[in-house]
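A quick write-up on the structure given underneath.
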Amino acid sequence: MAVYTDITEDDLSGFLKQYDVGTLTSYKGIAEGVENTNFLLHTTKGSYILTLYEKRVDQNDLPFFLGLMQHLADNGLSCPLPLPRADGELLGQLSGRPAAVISFLEGMWLRKPDAHHCREVGKALAAMHVAGEGFGIRRRNALSVGGWRPLWNNSRDRADEVQPGLVTEIAAELDTLEANWPKDLPEGVIHADLFPDNVFFLGDELSGLIDFYFACNDFLAYDVSICLNAWCFEKDGAFNMTKGMALLAGYQSVRPLTAGEIDALPLLARGSALRFFLTRLYDWLMTPPGALVVKKDPLEYLKKLQFHRSVASAAEYGLIQENLPA
Ligand SMILES: Nc1ncnc2c1ncn2[C@@H]1O[C@H](COP(=O)(O)OP(=O)(O)OP(=O)(O)O)[C@@H](O)[C@H]1O
Ligand SMILES: N[C@@H](CCO)C(=O)O
């Protein structure tokens with residue numbers, strides 16, 4: 001659940017006077033999500049999302065996130081749009097937290113995506129990468145290769161409590177990834193967390209992407225590897241090559257991968273599996289008992305990482321190479 005900050009109806013009604021959204025008719029907290037507090041608002045003009053940004057979000061990053069949503073929407077991507085206040089600002093303050101009103105995106109996320117959905121996600125990811133071109137603000141990816149060792153150092157002493165042998169395995173993995181991480185792949189704005197719960201569908205049609213709060217500048221193919229991890233494995237831990245093929249073909253139908261990106265894909269997928277393993281491990285060890293947040297299993301990502309270690313080339317993900325650009 002993620003309603004960390006409560007609001008009163010009076011404060012909310014007052015806050016909304018600065019927006020062109022009509023009058024509040026009802027509101028309720030949204031239980032999903034772990035980072036921020038979200039409320040669903042109904043007004044005389046429609047439905048909106050109110051987001052209160054919590055402590056884990058650096059306030060200096062908010063202009064990047066909100067500006068990015070605007071830039072992507074202006075360039076044809078279906079994603080929520082922050083609404084401007086009467087003074088032109090996108091951010092206000094409510095219950096002591098930075099707050100924004102965001103347009104409501106119709107749709108639901110899929111608990112059991114199939115290959116068709118993976119193809120649509122591939123296309124949407126590539127469309128986001130293209131739409132992100134020209135965005136003027138930059139944000140470094142704190143959760144790429146340079147951030148993993150510090151993150152690991154915070155959990156290492158207790159990691160073997162989760163599974164014996166982790167300390168040795170992860171130390172070796174970090175050494176390999178740090179020594180071999182690519183240096184010169186195409187870069188741009190990446191979503192960095194495009195999991196099924198951040199992609200909405202209406203029926204079988206993708207209606208939009210949400211939750212840009214990990215977005216940053218990094219290798220575009222790293223984002224592809226995140227989606228392979230998040231969309232193309234089955235519950236039993238097996239990689240589903242039909243889904244991988246669909247996701248990669250969907251991506252390439254909009255933005256063909258370069259030969260360098262294709263070569264790097266297995267290593268990038270190891271890295272992105274390690275990234276989610278490490279954040280989940282940290283939360284697993286540090287979240288106090290009784291907290292209302294549902295902790296995610298780090299070992300799911302260790303198994304994915306081990307799979308990628310055995311992959312020799314992107315063909316094993318279902319990539320079909322046709323008319324490759326140089
Ligand atoms: N613009 C939107 N339109 C419709 N629903 C939304 C929108 N934004 C958020 N939601 C709803 O709120 C939930 C949580 O939003 P979001 O994923 O952005 O929160 P978060 O705390 O940043 O979560 P995460 O743990 O994924 O980082 C979503 O699953 C969705 O149900
Ligand atoms: N998508 C992340 C959670 C943070 O958004 C995970 O599954 O570990």
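Start at 1 and go down the list; that is how both ligands and their atoms are numbered.
- At least one heavy atom of S103 sits less than 4.0 Å from an atom of ligand 1.
- Looking only at heavy atoms of the protein, atom 3 (C) of ligand 2 is closest to K296 NZ, 3.7 Å.
- Listed by atom number, the atoms of ligand 2 under 4.0 Å from F214 heavy atoms are 4 (C), 5 (O).
- Nearest to atom 19 (O) of ligand 1 by heavy-atom distance, out of N36, N38, L40, is N38.
- Per-residue contacts place P80 under 4.0 angstrom from the following atoms of ligand 1 (heavy atoms of the residue considered): 1 (N).
- Per-residue contacts place F104 under 4.0 angstrom from the following atoms of ligand 1 (heavy atoms of the residue considered): 3 (N), 4 (C), 5 (N).
- The N/O atoms of E35, backbone and side chain alike, include one that comes under 3.5 Å of an N/O atom in ligand 1.
- A salt bridge is defined here as a Lys NZ or Arg NE, NH1 or NH2 lying under 4.0 Å from an Asp or Glu carboxylate O, and K55 with E35 fails to meet this definition.
- Using a 4.0 Å cut-off between a side-chain N of Lys or Arg and a carboxylate O of Asp or Glu, R140 and D218 do not qualify as a salt bridge.
- The distance from ligand 1 to the heavy atoms of F200 drops below 4.0 Å at these ligand atoms: 4 (C), 5 (N), 30 (C).
- Centroid-to-centroid, the aromatic rings of F195 and F276 come within less than 6.0 Å.
- With salt bridges taken as basic N to acidic carboxylate O contacts below 4.0 Å, one links R56 and D283.
- Aromatic ring centroids of Y213 and Y53 lie under 6.0 Å apart.
- Using a 4.0 Å cut-off to heavy atoms of I30, the atoms of ligand 1 that qualify are 11 (C), 12 (O), 13 (C).
- Salt-bridge check for D175 with R149: passed, with a basic side-chain N closer than 4.0 Å to an acidic carboxylate O.
- Ion pairing of K235 with E300 is absent here, as no side-chain N (NZ or NE/NH1/NH2) approaches a carboxylate O to less than 4.0 Å.
- Taking every non-hydrogen atom of D193 and a distance limit under 4.0 Å, the qualifying atoms of ligand 2 come out as 1 (N), 2 (C), 4 (C), 5 (O).
- Compare R280, R275, K295 by their heavy atoms: the one nearest to atom 7 (O) of ligand 2 is in R280.
- Remark: ligand 1 atoms within the under-4.0 Å shell around heavy atoms of N198 are 17 (O), 26 (O).
- Between H191 and F212, the distance separating the two ring centers is shorter than 6.0 angstrom.
- Ion pair D297/R280 not flagged as a salt bridge, since none of the NZ, NE, NH1 or NH2 atoms sits closer than 4.0 Å to an Asp/Glu carboxylate oxygen.
- With a 4.0 Å cut-off on non-hydrogen atoms, L105 touches ligand 1 through its backbone as well as its side chain.
- Close approach of ligand 1 to D211 is summarised as follows: ligand atoms under 4.0 Å from at least one heavy atom of the residue are 16 (P), 17 (O), 18 (O), 20 (P), 22 (O), 23 (O), 24 (P), 26 (O), 27 (O).
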